J.: 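Before I ask anything, let me first share the structure, which is written out below as structure tokens.
Numbering starts at 1 and runs along the sequence shown. From a predicted model like this one, the values you see are computed outputs, not experimental measurements.
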Amino acid sequence: MAEPVKTFDVVIVGSGAAGGTLAAHLARAGVNVAVVEGGPRINTRSDFNTHAMPWEFANRQIPRMKPGKDGMASERARGLGGKTLTWNAVAWRFSQRDFKGKSFDGSGEDWPLDYADIAPYYERIEREVGVCGNYDGLKDLPDGVFLPPVPFKCSDQLIAKGAKKLGLKIIHVRKSTLSRNQFGRPACHFCGNCMAGCDVVAKYNSYDVHMAPALKTGKLELIPNAVVREVTVNGENRATGVKYLHRETRAEGEVRGRIVVISCACVQSVALLQMSRSRQYPNGLANSSGHLGKHFIPHFTGGVEAFLDGLKGSPLKDDEGFLDHAYLPSFMHERKRDYGRSFGAQFGYQNRRGVGWARDIPGMGADYVKAVKDRYPAFVIFSPYGEMIPNARSFVDLDYARADEFGLPSARRHVSWSENDKKIFADMQKWSQAILESAGAEIHRVYDEPRTNHELGGARMGADPKTSVVDSTCRTHDVKNLYVVDGSVFPSASEKNPTHTIMALAARTAERIADRLKKGEV
């Protein structure tokens with residue numbers, strides 16, 4: 001006999017930065033919550049190859065998971081904690097200029113909220129998870145509540161000096177990683193492999209920091225290995241829950257809720273809504289505007305690889321830190337330019353796990369070995385991030401002719417660079433190269449094309465139901481008990497990493513949902 005279908009106050013699809021934050025905040029408010037996650041439970045202390053080195057494996061590449069450990073297999077099956085298990089933890093606040101970019105310089109799209117609306121939730125997240133950083137007093141990069149910053153590495157100091165010669169300021173990075181013991185979690189021990197899990201949880205992940213503690217409330221249930229294929233809606237135009245496939249057995253299951261929240265991460269959230277077609281919504285759920293999937297605005301990155309002369313031939317030492325310790329904040333907003341919006345740059349990813357550049361060093365025999373060894377402690381890469389402007393040629397849709405391993409249509413990303421994007425890319429590459437040369441560097445490689453990163457957009461937030469998918473509280477215009485909370489709702493991208501803003505939006509939405517449930521307004 002089939003088990004009865006459970007009903008919760010809120011069903012959340014996805015367990016990453018948005019889903020995990022939402023779940024914890026709602027459970028603490030006394031709301032009965034279910035989190036449906038396509039991937040398995042992952043033990044962050046033991047399942048990742050956190051401290052592995054390439055030479056320990058036959059193909060010189062580090063497998064993300066240890067042998068016999070499942071997880072992170074595909075877009076629809078990651079694991080409890082989602083992308084926060086393997087993120088770099090950079091945590092910037094957006095500024096008023098970011099929320100109202102179109103009003104400031106005529107490019108992009110304004111959000112239907114202001115910095116003042118989201119600032120209290122930034123602070124709430126910072127106090128909950130711990131964000132290290134410096135108080136820099138920058139207009140376009142608001143300060144928050146910080147733990148002490150981590151020190152600059154030797155490479156950072158050289159680059160900061162080079163930038164200063166050009167009138168630019170390098171600042172300490174801000175990350176959701178502990179720089180001192182707090183919350184029963186230890187400070188980072190600087191193993192230099194943040195993108196492969198964190199086995200002490202110095203770096204935030206949504207399972208260990210938000211959801212696991214929330215389980216103690218008795219109000220939260222986690223449903224792993226459940227790949228959601230449809231959001232169900234009844235004849236009264238209310239979301240009733242989700243249907244899913246078990247990741248391993250492919251058995252069908254269902255979870256019901258008074259409220260449904262989609263937090264799968266940008267593209268997969270859009271894809272799930274597009275798959276949830278019905279007579280009411282033949283073009284995708286909550287898509288009466290026709291804007292679902294449109295306005296896809298991933299960040300685009302450049303890249304300049306170089307060797308700092310001041311570090312060439314220096315003794316090898318453990319200087320990896322937690323990858324990047326410093327940052328070049330946006331500085332173009334106040335300068336004359338022929339494009340809208342701006343860029344910032346992360347840098348300093350030199351570490352022992354990636355020496356692909358050695359293949360491109362000329363020479364043979366002993367001379368070649370010396371050339372590589374001299375450059376080994378001196379390698380840096382500048383990774384500037386630009387803000388993409390929404391355009392009609394960049395969107396997400398479904399490929400029904402190409403099913404994934406679950407028999408579901410694959411999500412397709414269509415990206416077209418506008419002239420504004422191309423101008424930002426050229427300028428950020430120029431400035432990155434100039435800073436490195438000013439720092440005394442041998443330029444090794446300059447990327448000639450932008451690459452996508454940080455997927456955003458596709459379920460735009462806006463005040464007008466005719467041109468957007470969700471309102472300022474992340475509730476869909478079409479279905480009043482259906483919410484979308486992740487990067488897909490961003491009307492504009494900023495040049496800043498988005499996760500801190502996603503978590504603040506989740507905290508704000510959780511508060512609104514809990515209040516509506518309490519008032520019986522669902």
Side-chain angles (χ1 to χ4, degrees), residues 90 92-111 114-115 138-142 162-163 166-171 266 294-304 327-347 381-395 413-438 443 445-458 460-462 467 487 490-498 501:
V90 175
W92 309 117
R93 291 189 181 199
F94 281 16
S95 68
Q96 178 69 357
R97 191 192 298 271
D98 296 317
F99 288 112
K100 299 295 182 183
K102 189 172 185 178
S103 296
F104 272 90
D105 63 20
S107 298
E109 192 69 31
D110 285 346
W111 292 57
D114 294 293
Y115 174 73
L138 300 176
K139 178 181 178 182
D140 287 321
L141 192 63
L166 302 177
L168 306 178
K169 183 179 180 181
I170 299 297
I171 67 170
C266 183
K294 295 182 178 180
H295 320 299
F296 183 47
I297 46 172
H299 281 148
F300 56 90
T301 62
V304 179
Y327 181 71
L328 172 69
S330 169
F331 59 90
M332 291 302 299
H333 284 303
E334 303 296 341
R335 298 187 179 218
K336 186 176 181 180
R337 62 199 191 282
D338 63 349
Y339 56 82
R341 313 313 297 139
S342 187
F343 61 88
Q346 296 176 222
F347 59 88
I381 180 169
F382 241 70
S383 299
Y385 285 71
E387 176 178 347
M388 186 180 186
I389 304 301
N391 71 75
R393 299 177 306 281
S394 295
F395 59 94
R413 298 152 171 85
H414 304 264
V415 176
S416 178
W417 306 118
S418 68
E419 288 304 311
N420 195 88
D421 302 332
K422 293 174 183 177
K423 288 178 179 179
I424 294 178
F425 177 77
D427 214 22
M428 69 191 198
Q429 290 292 83
K430 181 191 76 173
W431 278 102
S432 296
Q433 188 167 344
I435 291 168
L436 287 166
E437 289 173 342
S438 179
I443 303 299
R445 182 186 177 198
V446 180
Y447 299 173
D448 57 4
E449 292 183 354
R451 305 177 182 187
T452 60
N453 201 308
H454 298 146
E455 295 180 330
L456 302 166
R460 174 189 280 182
M461 176 190 292
T467 58
F490 281 36
S492 58
S494 174
E495 79 288 347
K496 303 175 182 69
N497 304 53
T501 300

J.: Indicate the atoms forming the closest heavy-atom contact of N391 with R393, along with that distance.
T.: OD1-N, 2.8 Å
J.: Considering only heavy atoms from C-beta outward, does the side chain of I435 approach that of V304 to under 4.5 Å?
T.: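 A side-chain contact is absent here, since even the closest heavy-atom pair is not under 4.5 Å.
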J.: If I take atom OG from residue S330 and atom CG from residue L141, how far apart are they, to the nearest 0.5 angstrom?
T.: 9.0 Å
J.: Give the minimum heavy-atom separation between A493 and F94, together with the two atoms involved.
T.: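 Shortest heavy-atom separation between A493 and F94 comes out as O-CZ, 3.5 Å.
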J.: Restricting to non-hydrogen atoms, name the atom on Y115 and the atom on P142 that form the minimum distance, rounded to 0.1 Å.
T.: OH-CB, 3.3 Å
J.: Could you check if a side-chain atom of F395 sits within less than 4.5 angstrom of a side-chain atom of H295, using non-hydrogen atoms only?
T.: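 No - every pair of side-chain heavy atoms lies 4.5 Å or more apart.
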J.: Is there a donor-acceptor pair closer than 3.5 Å between any side-chain N or O of E455 and the backbone N or O of G487?
T.: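 Absent.
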J.: Carefully, step by step, assess F300 and V415 under the rule side-chain contact (heavy atoms from CB on, under 4.5 Å).
T.: CA-CA 10 Å; F300 56 90; V415 176; over 6 Å; no
J.: In Å, rounded to the nearest 0.5 Å, how long is the span from CZ of F490 to CD1 of I297?
T.: 8.5 Å
J.: Please check: side-chain N/O of N453 versus main-chain N/O of H299, any donor-acceptor pairing under 3.5 Å?
T.: no
J.: Taking side chain as C-beta onward, heavy atoms only, is H414 less than 4.5 Å from F296?
T.: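 H414 vs F296: side chains apart.
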J.: Among all residues two or more places apart in sequence or in another chain, which pass the side-chain contact (heavy atoms from CB on, under 4.5 Å) test with Y339?
T.: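 Counting only residues at least two positions away or on another chain, Y339 forms a side-chain contact (heavy atoms from CB on, under 4.5 Å) with M332, R337, F343, N420, K423, I424, D427.
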J.: Between CH2 of W92 and CG of L138, what distance do you get to the nearest 0.5 Å?
T.: 9.5 Å
J.: Are W417 and F425 an aromatic pair, judged by ring center distance below 6.0 Å?
T.: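 Centroid distance F425-W417: not below 6.0 Å, so no.
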J.: Measure the OG1-CZ distance between T301 and R451 for me, rounded to the nearest 0.5 Å.
T.: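 The OG1 atom of T301 sits 6.5 Å away from the CZ atom of R451.
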J.: Does the side chain of E334 come within less than 4.5 Å of K139's, by heavy atoms?
T.: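 Yes - at least one pair of side-chain heavy atoms lies under 4.5 Å apart.
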J.: What pairs with P491 under side-chain contact (heavy atoms from CB on, under 4.5 Å), at least two apart in sequence or on another chain?
T.: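 Only E109, W111, P112, R460, M461 meet the side-chain contact (heavy atoms from CB on, under 4.5 Å) criterion with P491.
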J.: Is there side-chain contact between V90 and Y327, with heavy atoms separated by less than 4.5 Å?
T.: no
J.: What are the two closest heavy atoms between F347 and I170, and how far apart are they?
T.: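 Distance-wise, the nearest heavy atoms are CZ-CG2, 3.7 Å.
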J.: Distance from D105 atom CG to S342 atom OG, nearest 0.5 Å?
T.: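 D105 CG to S342 OG: 9.0 Å, rounded to 0.5 Å.
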J.: Side chains of K169 and P329: does their closest heavy-atom pair fall under 4.5 Å?
T.: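 Of all side-chain heavy-atom pairs linking P329 with K169, none is under 4.5 Å.
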J.: Are more than 12 heavy atoms from other residues, nucleotides or ligands located less than 6.0 Å from atom NZ of K100?
T.: yes
J.: Would you say D421's side chain and I389's backbone share a donor-acceptor pair under 3.5 angstrom?
T.: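 Side chain of D421 to backbone of I389, a donor-acceptor pair under 3.5 Å: yes, one is there.
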J.: Kindly indicate whether the side chain of D114, heavy atoms from C-beta on, has any atom under 4.5 Å from the side chain of F99.
T.: no
J.: Show the nearest heavy-atom pair for residues D98 and D140, with the distance to one decimal.
T.: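 Heavy atoms only, the tightest pair is OD2-O, 4.2 Å.
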J.: Which heavy atom of S432 sits nearest to which heavy atom of P384, and what is that distance?
T.: OG-CG, 3.6 Å
J.: Is there a donor-acceptor contact under 3.5 Å from the side chain of S394 to the main chain of S416?
T.: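 Side chain of S394 to backbone of S416: a pair is present.
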J.: Would you call K496 and T501 a side-chain contact if the rule is heavy atoms closer than 4.5 Å?
T.: no
J.: Using 0.5 Å steps for rounding, measure from the CD1 atom of I443 to the CG atom of L436.
T.: 5.0 Å
J.: Give me each pair satisfying side chain to side chain donor-acceptor pair (under 3.5 Å) with a member in residues 381-390, each pair once, sequence neighbours excluded.
T.: R341-E387
J.: Which label fits W431 and F331: parallel for a plane angle under 30°, tilted from 30 to 60°, or perpendicular past 60°?
T.: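 Because their plane-to-plane angle is over 60°, the rings of W431 and F331 count as perpendicular.
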J.: Taking the side chain from S438 and the backbone from A434, do they hold a donor-acceptor pair closer than 3.5 Å?
T.: no
